[in-house]
4 protein chains.
Amino acid sequence: MTEKQERILTVALELFAQQGYAATATSRIAREAGVSEGLIFRHFESKEGLLKAILEYGNKEVNTFNSRLSTYTDPRARLRAILEAPFYFEPQQYHFWRLIYSLKWQMETYDNSMSTTIKEALLEIFEQLAYPDPNAEAELLVAIIDGTMMAMLLRQPENARDMLAVLVQKYGV
Amino acid sequence: MTEKQERILTVALELFAQQGYAATATSRIAREAGVSEGLIFRHFESKEGLLKAILEYGNKEVNTFNSRLSTYTDPRARLRAILEAPFYFEPQQYHFWRLIYSLKWQMETYDNSMSTTIKEALLEIFEQLAYPDPNAEAELLVAIIDGTMMAMLLRQPENARDMLAVLVQKYGV
Amino acid sequence: MTEKQERILTVALELFAQQGYAATATSRIAREAGVSEGLIFRHFESKEGLLKAILEYGNKEVNTFNSRLSTYTDPRARLRAILEAPFYFEPQQYHFWRLIYSLKWQMETYDNSMSTTIKEALLEIFEQLAYPDPNAEAELLVAIIDGTMMAMLLRQPENARDMLAVLVQKYGV
Amino acid sequence: MTEKQERILTVALELFAQQGYAATATSRIAREAGVSEGLIFRHFESKEGLLKAILEYGNKEVNTFNSRLSTYTDPRARLRAILEAPFYFEPQQYHFWRLIYSLKWQMETYDNSMSTTIKEALLEIFEQLAYPDPNAEAELLVAIIDGTMMAMLLRQPENARDMLAVLVQKYGV
DNA sequence: TATGAATGAGCCTTCATTCAT
DNA sequence: CATGAATGAAGGCTCATTCAT
């Protein structure tokens with residue numbers, strides 16, 4: 001991956017995340033990345049190819065997180081780690097997550113696997129913890145995580161720590 | 001409001017909600033509404049004007065909900081009504097809410113007042129219920145509501161009822 | 001001619017004169033005249049029909065001037081009357097003349113007869129006055145009149161009187 | 001400046017001059033220049049940008065003329081050069097001047113500086129020649145020049161030379 | 001590898017004109 | 001006579017994509 005390729009990816013991620021995929025012109029990406037318009041297509045074939053490259057690139061980080069999760073054997077610890085995730089994601093991942101969530105609202109969903117993965121992990125946890133309705137609990141917690149992600153990405157509340165504290169306490173972990 | 005005007009609004013709402021505002025062509029709206037493209041602009045002036053008309057139209061329903069809320073004097077009842085809202089919104093409002101949430105991810109946010117309003121209502125409730133950190137509780141619950149809305153709008157889980165049951169029980173209302 | 005018809009004519013003349021025929025929308029004419037868009041077409045058939053109606057209406061005034069001219073039997077007096085014309089046209093005719101001159105620059109010239117008429121009148125005068133090259137003198141004076149019309153219509157110089165004085169003296173009339 | 005850019009400029013000048021700026025479609029310019037419509041906007045940004053480019057390009061020639069004027073120290077010689085100008089402009093400049101004069105009749109005048117410049121030059125000349133009312137003389141001569149330009153551009157009289165002769169003799173230069 | 005001129009389809013919008021009322 | 005909703009062609013402009021260099 002050359003330096004220009006990387007610059008294209010970075011700038012495209014930022015713009016896609018801020019203005020949306022459809023509303024971002026490739027010409028603008030080229031200009032802000034300081035490369036020619038043609039180069040984007042030489043490297044990524046099409047605008048959609050560029051998007052896919054971004055998503056693959058970002059997915060690695062997600063997988064890293066997922067595998068880190070499985071180091072916790074204690075279900076309480078795993079639950080806590082999951083609860084904390086939205087509150088501590090790396091700032092450099094900010095644009096990536098904005099993009100992911102913004103894409104969720106477009107018809108042709110790009111990959112819903114993330115939610116499914118986490119849902120299954122949660123299901124296992126709640127079963128281990130012998131919650132009465134582990135399925136509903138898991139589904140609800142996926143929703144809560146999406147909601148806190150939204151808060152962190154869109155509103156960036158000052159009292160994020162306190163929110164986490166309340167959440168942690170509710171789940172007793 | 002003539003019949004054609006209404007048809008434009010309905011079709012536009014549907015398409016904006018499904019594909020996103022930027023990705024929807026006015027020509028497509030016109031075609032699917034069975035009117036000439038020019039008519040859209042005669043009635044709504046611009047694509048953005050059309051969006052605003054949709055939002056105003058939908059906002060009435062939101063206000064209806066809000067004022068219905070204030071009929072509950074008991075904080076527990078109000079809290080419960082708020083918790084239930086995402087699980088029982090009218091099916092005809094589906095597209096409207098999808099549009100609202102999809103727009104939240106675009107930079108020039110169209111109106112964030114809804115979240116603020118609900119946040120304040122929640123703050124009051126948690127204060128009345130003497131929660132230790134009402135502010136964090138309110139902020140967290142706004143997030144939870146956003147998350148459940150996302151679930152209902154994007155995944156439409158079969159066990160929605162159970163999710164609500166779990167939620168209601170967590171808040172003891 | 002109803003009152004609304006007259007209002008359409010007046011407003012159209014004003015707008016055509018100020019912004020040009022092509023750049024003026026019939027919808028704007030309708031709005032500023034306080035009539036419906038359809039009415040223009042009921043009365044004048046098309047945008048071009050409206051223009052023709054305006055020109056015919058204005059031409060009457062021109063003919064009035066021309067026939068007034070022929071009351072002067074003395075060539076000097078006639079010449080003087082012609083020289084004075086651009087400096088004393090009725091203010092209500094301002095828009096009409098602007099329109100005439102602005103149309104001269106569009107390919108499909110609407111009527112060049114005015115220049116020809118005046119050219120012939122001048123030719124006769126200069127022949128009667130035994131100028132050495134009456135033809136060139138006539139052609140030049142037509143140009144001078146066009147030039148002074150331009151000055152009066154576009155720049156409206158404060159010293160118009162003085163200009164006329166200089167001109168009258170040059171021709172010794 | 002590439003060859004296609006130049007072709008766009010040439011064709012646009014011709015069409016703007018013949019049919020007027022507002023009445024000329026960019027699609028027509030593209031077609032007659034043998035380029036895609038998009039190219040016009042890539043090079044000139046907008047239709048108005050194209051017009052400005054044409055005007056700047058043509059202005060150079062005007063400035064050349066102006067500076068050539070100032071080589072004449074004798075006021076009579078300068079006056080004569082000014083009088084001759086409309087009768088001898090380069091045929092390749094025909095469209096440029098038609099455009100300039102046609103634009104004068106549109107409200108938002110593009111640059112009136114030319115008339116002002118020449119007016120000042122004439123004022124100086126008539127003062128040096130001790131004319132009784134130099135201001136009126138200058139203003140009148142500006143008008144006469146505009147009038148002869150109109151004649152040359154719109155009617156192209158066969159006896160142009162004779163007109164100039166008469167004019168030169170009237171000013172005794 | 002990299003450029004940027006060039007393309008053409010499609011976008012939002014305007015406008016002259018028609019027609020049911 | 002008069003309205004104004006409705007049309008559809010065209011207008012200026014943008015954008016993803018291609019290609020000669």
Side-chain angles (χ1 to χ4, degrees), chain A residues 2-5 8 21-31 33-51, chain B residues 1-5 7-8 22-31 33-50, chain C residues 2-5 8 21-31 33-50, chain D residues 1-5 7-8 21-31 33-50:
Chain A
T2 70
E3 192 228 332
K4 293 202 175 185
Q5 262 179 82
I8 293 171
Y21 171 72
T24 302
T26 52
S27 63
R28 171 118 189 252
I29 297 171
R31 189 169 2 105
V35 303
S36 67
E37 286 196 58
L39 196 59
I40 292 177
F41 294 88
R42 159 165 281 282
H43 283 315
F44 304 101
E45 205 146 313
S46 68
K47 193 184 176 184
E48 202 179 337
L50 175 57
L51 177 57
Chain B
M1 172 106 59
T2 69
E3 191 227 335
K4 295 205 176 187
Q5 255 176 90
R7 235 155 58 211
I8 293 170
T24 302
T26 52
S27 62
R28 172 116 189 254
I29 297 171
R31 193 171 356 106
V35 301
S36 69
E37 203 174 348
L39 195 58
I40 293 177
F41 294 88
R42 163 170 272 280
H43 284 314
F44 303 101
E45 223 152 61
S46 67
K47 194 185 174 185
E48 200 179 338
L50 175 56
Chain C
T2 70
E3 192 228 332
K4 293 203 175 185
Q5 259 179 85
I8 293 170
Y21 170 73
T24 301
T26 51
S27 62
R28 171 118 189 251
I29 297 171
R31 188 165 9 101
V35 302
S36 67
E37 285 196 58
L39 196 58
I40 292 177
F41 294 88
R42 160 166 280 281
H43 283 315
F44 304 101
E45 203 146 312
S46 68
K47 194 184 174 184
E48 203 179 336
L50 175 56
Chain D
M1 172 105 61
T2 70
E3 190 228 334
K4 296 206 175 185
Q5 255 176 90
R7 235 154 58 211
I8 293 171
Y21 170 74
T24 302
T26 53
S27 61
R28 172 114 189 256
I29 296 171
R31 193 171 355 107
V35 301
S36 68
E37 201 174 350
L39 195 59
I40 293 177
F41 295 90
R42 162 170 272 280
H43 283 314
F44 304 100
E45 223 150 62
S46 66
K47 193 184 175 187
E48 200 179 338
L50 175 56

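Chain letters run A, B, ... following the sequence lines, proteins first, then strands; residues in each count from 1.
Residues A:Tyr21 and A:Lys47 share a closest heavy-atom pair of O-NZ, 3.0 Å.
Judged as a side chain to side chain donor-acceptor pair (under 3.5 Å), and not counting sequence neighbours, the contacts of B:Arg28 are B:Glu32. Applying the side chain to side chain contact (heavy atoms under 4.5 Å, CB included) criterion to D:Ser36, with sequence neighbours excluded, gives D:Leu39. Annotation: side chain to side chain donor-acceptor pair (under 3.5 Å) contacts of D:Arg42 (sequence neighbours excluded): A:Glu37. Taking the side chain to side chain donor-acceptor pair (under 3.5 Å) definition, one finds that A:Arg31 meets it with nothing, sequence neighbours left out.
The CZ atom of B:Phe41 sits 14 Å away from the C1' atom of F:dA10 (whole-angstrom rounding). As a whole-Å value, the separation of A:Phe44 CZ from E:dA2 P is 11 Å. Look at CZ on D:Arg31: it is 13 Å from C1' on F:dG11, rounded to the nearest Å. We find that CD1 of B:Ile40 is positioned 9 Å from P of E:dC12, with the value rounded to whole Å.
The CZ atom of D:Phe44 sits 10.0 Å away from atom CD1 of D:Ile29, with the distance rounded to the nearest 0.5 Å. Taking CD from B:Gln5 and CD1 from B:Ile40, the interatomic distance works out to 11.5 Å, rounded to the nearest 0.5 Å.
Of the listed nucleotides (E:dA16, E:dT13, F:dA16), F:dA16 has the atom at the smallest distance from the side chain of A:Lys47.
When each of A:Glu45 and D:Thr24 is assigned the nucleotide of DNA chain F bearing its nearest heavy atom, the one mapping closer to the 5' terminus is D:Thr24. Taking the nucleotide of DNA chain E with the nearest heavy atom to each of B:Ala22 and C:Thr26, the more 5' of the two is matched to B:Ala22.
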The contact string for nucleotides 4-9 of chain F, one letter per nucleotide 5' to 3', using protein heavy atoms under 4.0 Å with B, S and - for base, sugar-phosphate only and none, comes out as BBBBB-
Represent DNA chain E in dot-bracket notation, 5' to 3'. Only Watson-Crick or G-U wobble pairs with both distances under 3.5 Å count; pseudoknot-style crossings use [ ] and interstrand partners use |. .||||||||||||||||||||
